[in-house]
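Please read the structure below before turning to the comments.
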Amino acid sequence: MLRGRLSARSVVDCWNTLEQKLRGARVKTLEVDVSGVDFCGGAGFALLRYLNMGKMTPGAKVSIVGLATGFQTIFEGFTSKDYDAFHPLDQAKSHPLIEEAGHATRQLIGDVRDQVDFLGGVAANLPPSLFNPKRMRWPEVRHVFELAGANAVPIVSLVSLLLGFIIAFESAQRLAEFGAQIYVANTITVVMVREMGPLMTAILLAGRSASAFAAEIGTMKVNEELNALETLGLSPFRFLVVPRIVAGILVAPLLTCYSILMGVVGGALVMLGLGFSLELILHQMALSVRLGDLAVGMEKSLVFGVIVAGVGCWRGLQTEQGPSAVGLSTTRAVVTSLLLIIVADACFSTISYFLKA
Amino acid sequence: MVISVKDLSIGYGDRVILEKVNFQVRRGEVFVILGESGCGKSTLMKTMIGLNPPQSGEVWIEGSNLVAAVGDERLRLLRKFGVMYQSGALFGSMTVLENVRLPLDEFTDLPKPLKELVSLSKLKLVGLGGAGSKMPSELSGGMQKRAAIARAMVMDPGILFLDEPSAGLDPITSAGLDLLISGLSHHFGITFVIVSHELASIYAIADRIIMVDCSAKGIIAEGKPAELRDRATDPWVHRFFNREADASHSVQPT
């Protein structure tokens, strides 16, 4: 017999007592008298239904008696049939390896097709917008330029300056063993101009801007703003992608130049600390870099800018429906940008080695 | 009185939306907060449920002031009511059953089979008996709102706050939701506080209405739906209940 309140709290004690007494016991008939129950919440009804279904006393005939009329209606509102109708989530079926491989290949082909589609869209929309100023949304380009470029100046300054410090200190230790510390200036300049300046800027742009582009366009897609553009007869490529790619092409080389400058300043500060004169440092720096080195750095930064902006927009356009879709696109944008930046950088290094540039 | 709102002023920053509002909600009634779009209905509800701190005033829920409550007292008060948000706000990464079971998992020591039974019975109650294993994205808008109601009432709260339950639903689904609200109020004695501006739904379910207005920054009408429709003296209330458009909104060909 159950008495008093069957609330979520009291049901726990009740369950423990019943478990102790009924589990394992050979019960053929169980009659639960609830005439003394004056409150029965959802947990109470669940306990009665659980007992009634014989889950605690398998094989026994269980009856619930003495339910007040109001409680009876609620109790009968959820039956063992309703319980049986619920099937927990099917366990994820294990797929054979070949099926998994098939899925992965299909996904890869779909991704490549998407990339080609995207490149086609950019190729079709970029030149007309560039050659016809009226088609280009310059206010949007300015806005993106400000967000991706001007607002990134503080972080680029800090990272590049510290990078210059690090390279200078690391190389100074090694070169000191050969009495060649003066060449720290050459090392910093060449490394920053040809490699670290463009690369660090691109990495920062990927973290800040590729993710922002993907999130912005992805949210627009989820909110059906892209559909609205389409039905207004406006191409999302011309409207959203082209301004971002143009801004990316403009902002990456400028930020790279700034990054190189800050890196070199960082290195120069270390060298000044090591006792070299500013005149000597500048002389060494000027000797170490040729115009070709700067051209390589700028070429890299241009390509990295296109990669960052393009991948950000592409992943944004790929956004699907669902609460995690935008987050997924953002992550993909950053990961893909970084991957392509490194691949492009490796290509540049290989080509310039063979061309002796 | 299950809820008493006393001298409540709400707004954002220096901007006051509603000033010194007073009203009470009786136990077991379906109480509707009504008003035009952007007049502060949802903000008022968010203040009543403790999401939005008021500029001044008090919200008493079953004898305790939620505005002043902190720590465990606030948690205790929060468990006295459930909330259904306009979009349903189901967690997309969980199944419908997991969504409904979440408060039980977090706040009770019930054994797992009972938690499942409670959740399934609440889903059955809102007409979603077979939807437990589905993901929220697989449900229609009306079904998501029903599932959200099931989640809001899984801890057996005495009060349910619903934000725009009929918004964006077709008339049949909306009428079904109205039936559910009336049924829950009638059979379980749940007190409903509903923010809405769907007249058909309001006539079907509301026991009492308050109407808030931005220009008056307060309540301009209070009473039963039929009373307000037939005997409203305020011209704006009369226009609202009789669906009379503002002449300034008509198209003027030039």
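Just so it is clear, the structure is predicted and the values come from calculations on it, not from any experiment. First the proteins, then the strands, lettered A, B, ... as listed; each starts at 1.
For the pair E116(B)/Y83(A), a side-chain contact is recorded, criterion being any heavy-atom separation below 4.5 Å from C-beta on. With contacts defined as side-chain heavy-atom distances shorter than 4.5 Å, the pair L117(B)/F45(A) does not qualify. For the pair S121(B)/F75(A), no side-chain contact is recorded, criterion being any heavy-atom separation below 4.5 Å from C-beta on.
Shown here is E225(A), whose CD atom has more than 12 heavy atoms of other residues, nucleotides or ligands within 6.0 Å. Dense packing is recorded around NZ of K221(A), with more than 12 heavy atoms of other residues, nucleotides or ligands lying under 6.0 Å away. The environment of CZ in R9(A) is sparse: at most 12 heavy-atom neighbours from other residues, nucleotides or ligands sit within 6.0 Å. When the shell of 6.0 Å around CG of L51(B) is examined, it contains more than 12 heavy atoms from other residues, nucleotides or ligands. Other residues, nucleotides and ligands contribute only 12 or fewer heavy atoms inside 6.0 Å of the CD atom of E224(A). The number of heavy-atom neighbours closer than 6.0 Å to CG of D72(B), taken from other residues, nucleotides and ligands shown, is 12 or below.
Neither the backbone nor the side chain of F107(B) comes within less than 4.5 Å of any heavy atom in chain A. Looking at D109(B), the atoms closer than 4.5 Å to chain A (heavy atoms on both sides) sit in the backbone and in the side chain alike. Heavy atoms of L97(B) lying under 4.5 Å from chain A belong exclusively to its side chain. Only the side chain of K122(B) comes within less than 4.5 Å of a heavy atom in chain A; its backbone stays farther off.
Using a distance-only test at 3.5 Å, with no hydrogens or angles considered, a donor-acceptor pair links the side chain of D156(B) to the main chain of G42(A). For the pair K124(B) (side chain) and G77(A) (backbone), a donor-acceptor distance under 3.5 Å is present.
When each of P113(B), G129(B), G130(B) is scored by its heavy-atom pairs under 4.5 Å with chain A, the top score falls to P113(B).
For the pairing with V12(A), the side-chain contact (heavy atoms from CB on, under 4.5 Å) check across L110(B), T108(B), L114(B) returns one residue only, L110(B).
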